[in-house]
Amino acid sequence: MVQPTTLGEFIVENQKDFPFATGDLSHLLTSIRLAAKVVNREINKAGLADILGAMGQDNIQGEAQQKLDVMANDTFMRALRSMGQVCGVGSEEEEHYISFDDDIHREAKYVVLMDPLDGSSNIDVNVSVGTIFSIYRRITPTGTPVTLEDFLQPGDAQVAAGYVVYGSSTMLVYTTGNGVNGFTLDPSIGVFCLSHRDMQIPKSGNIYSVNEGNYVHFPQGVKEYIKYCQQFDAASGRPYTSRYIGSLVSDFHRNLIKGGVYLYPTGTMAPNGKLRLLYECNPLAFIVEQAGGTATNGKQRILELQPSELHERVPFFIGSPEMVDMAHAFLRRYEEE
Ligand code: AHG
Ligand code: MN
Ligand code: MN
């Protein structure tokens with residue numbers, strides 16, 4: 001039997017992509033890999049242990065925190081702190097960024113932004129959830145405590161980004177700016193193995209993903225684009241299929257593989273959309289572009305946006321490039337009217 005390439009081997013082999021690499025990023029990815037396995041184990045027994053349901057408190061964004069949100073946050077925080085490569089972490093579950101302010105961590109080069117558990121409202125009903133992470137080089141000098149400025153960098157400055165999908169199988173997908181690779185966890189040996197080398201998103205597809213319950217609140221251009229997706233046109237394979245899990249990671253992962261478009265636009269209920277620029281949109285935008293796709297806020301590339309606050313939300317259009325272009329054409333047409 002041919003031995004699969006493990007994630008650990010792949011990280012070491014690809015360290016040469018970074019001309020002056022010291023191995024710090026490789027160690028950092030190793031911490032993330034370990035935390036992903038721990039979270040995977042906990043999620044897998046979610047129906048057995050008393051870890052389902054709400055904590056009885058809201059997070060900073062006013063959303064009900066699930067017990068597993070807290071567990072995933074603590075697990076990743078601990079893993080990132082356990083080695084010396086990270087000087088601070090911004091998390092969807094924390095009001096402020098966490099500064100690892102001691103003699104060792106102050107010398108570290110990297111900051112991490114994360115959504116420790118994405119789609120957590122799906123966990124009680126056994127539907128796939130995920131983790132999203134994004135890694136930047138700090139701007140402030142090493143040896144000093146991190147500041148907010150280190151976290152508010154445009155997505156184009158990301159050094160690496162990835163996600164874990166805890167699904168029918170558990171996968172870790174990441175990029176360091178040199179293509180996208182996916183690894184599937186072999187649960188019998190507890191090892192992520194390279195299963196999806198150099199992932200490319202199809203230029204077009206036949207899936208559109210949007211929460212249509214919000215339809216009446218959407219801008220006219222989005223409504224017209226949705227109607228376009230639903231109209232019959234044999235030549236372009238329409239009507240498209242509607243698929244919406246409600247776990248961004250899972251919706252994104254499916255569209256990355258099959259081709260499709262995911263929309264979370266503005267709405268009268270959510271003037272800036274719902275999804276968070278730093279924890280959700282930037283990392284997935286980096287991945288999709290590396291796989292040949294597009295991610296915008298309806299006007300501009302997500303990766304060019306200058307963040308102004310940690311928990312900032314933006315409208316999000318991501319997926320196959322020709323499909324995102326068509327959505328833009330509708331947005332422009334109805335904006336001009
Ligand atoms: P999180 O669980 O991290 O708060 O994220 C939930 C997000 C995302 O995963 C999903 O795509 C979106 O919320 C769904 O929102 P709606 O329920 O409004 O469709
Ligand atoms: Mn999320
Ligand atoms: Mn979350």
Side-chain angles (χ1 to χ4, degrees), residues 35-36 39 42-43 46 51-55 57-77 89-95 112-134 161-167 173 207-218 222 226 242-256 260-285 287-288 295 297 302 310-319:
V39 170
E42 296 305 308
I43 285 175
I51 46 176
L52 288 181
M55 281 293 281
Q57 67 192 47
D58 287 352
N59 69 9
I60 173 64
Q61 353 232 346
E63 296 158 344
Q65 230 175 9
Q66 308 292 310
K67 289 179 192 165
L68 282 166
D69 279 326
V70 176
M71 179 279 298
N73 188 55
D74 292 350
T75 304
F76 275 92
M77 253 338 151
V89 178
S91 163
E92 185 192 275
E93 298 302 330
E94 305 276 354
E95 180 169 2
V112 176
L113 287 148
M114 65 173 176
D115 178 353
L117 201 64
D118 171 68
S120 56
S121 65
N122 274 328
I123 197 109
D124 288 4
V125 291
N126 220 331
V127 170
S128 302
V129 292
T131 296
I132 313 176
F133 61 91
S134 168
Y163 62 83
V164 186
V165 51
Y166 311 98
V173 174
I207 296 173
Y208 74 102
S209 308
V210 61
N211 184 343
E212 286 186 72
N214 296 329
Y215 184 87
V216 295
H217 305 289
F218 289 151
V222 173
I226 293 174
S242 166
R243 288 284 181 274
Y244 191 76
I245 296 168
S247 290
L248 174 63
V249 166
S250 314
D251 280 307
F252 173 78
H253 182 69
R254 179 201 55 240
N255 292 358
L256 174 64
V261 63
Y262 178 98
L263 326 173
Y264 210 112
T266 57
T268 42
M269 310 281 279
N272 297 316
K274 176 182 183 187
L275 299 176
R276 280 130 303 203
L277 175 59
L278 295 177
Y279 315 120
E280 295 171 318
C281 304
N282 269 336
L284 298 186
I287 292 168
V288 88
N297 64 356
I302 289 289
L310 216 43
H311 297 289
E312 184 170 348
R313 296 172 195 263
V314 288
F316 198 37
F317 298 77
I318 187 166

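As the structure lists them, so they are numbered: ligands from 1, and atoms in each ligand from 1.
Within ligand 1, the atoms closer than 4.0 Å to a non-hydrogen atom of Ser120 are 2 (O), numbered from 1 in the order shown. Distances below 4.0 Å separate heavy atoms of Asp115 from the following atoms of ligand 1: 3 (O). Within ligand 1, the atoms closer than 4.0 Å to a non-hydrogen atom of Glu280 are 3 (O), 5 (O), numbered from 1 in the order shown.
Side chains of Ile132 and Met114 form no contact here, defined as non-hydrogen atoms less than 4.5 Å apart. Ile318 places none of its side-chain heavy atoms less than 4.5 Å from the side chain of Tyr264. Using a 4.5 Å cut-off on side-chain heavy atoms (C-beta onward), Phe133 and Phe76 make no contact. A heavy-atom distance below 4.5 Å is found between the side chains of Phe218 and Val210.
Within the 4.0 Å heavy-atom shell around ligand 1 one does not find Asp69. Using a 4.0 Å cutoff on heavy atoms, Phe252 does not count as a contact of ligand 1. Between Tyr279 and ligand 1 there is no heavy-atom distance shorter than 4.0 Å. Distances from ligand 1 to the non-hydrogen atoms of Ser121 include no value under 4.0 Å.
The Mn ion (ligand 2) is closest to atom OD2 of Asp115 (considering only N, O or S atoms). Summary: OE2 is the N/O/S atom of Glu280 found nearest to the Mn ion (ligand 2). Among heteroatoms of the N, O or S kind in Asp118, OD1 lies nearest the Mn ion (ligand 2).
By the criterion of a heavy-atom distance under 4.0 Å, the backbone of Leu117, and not its side chain, is placed next to ligand 1. If you look at Asp118 next to ligand 1, the close heavy atoms, those under 4.0 Å, come from the backbone and the side chain alike. Looking at Glu93 against ligand 1, nothing comes within 4.0 Å, counting heavy atoms. At a heavy-atom distance under 4.0 Å, only side-chain atoms of Asn211, from C-beta outward, approach ligand 1.
Between Gly119 and ligand 1, a contact under 3.5 Å exists for at least one N or O pair.
Classified by interplanar angle (parallel below 30°, tilted 30° to 60°, perpendicular above 60°), the ring pair His311/Tyr279 is tilted.
Checked for salt-bridge contact, Glu312 and Arg276 miss the test: no charged N lies under 4.0 Å from a carboxylate O.
Coordination check, Gly119 versus the Mn ion (ligand 3): failed, since every N/O/S atom of the residue sits at 2.8 Å or beyond. At a threshold of 2.8 Å, the Mn ion (ligand 2) has no backbone or side-chain N, O or S atom of Glu92 nearer than that distance.
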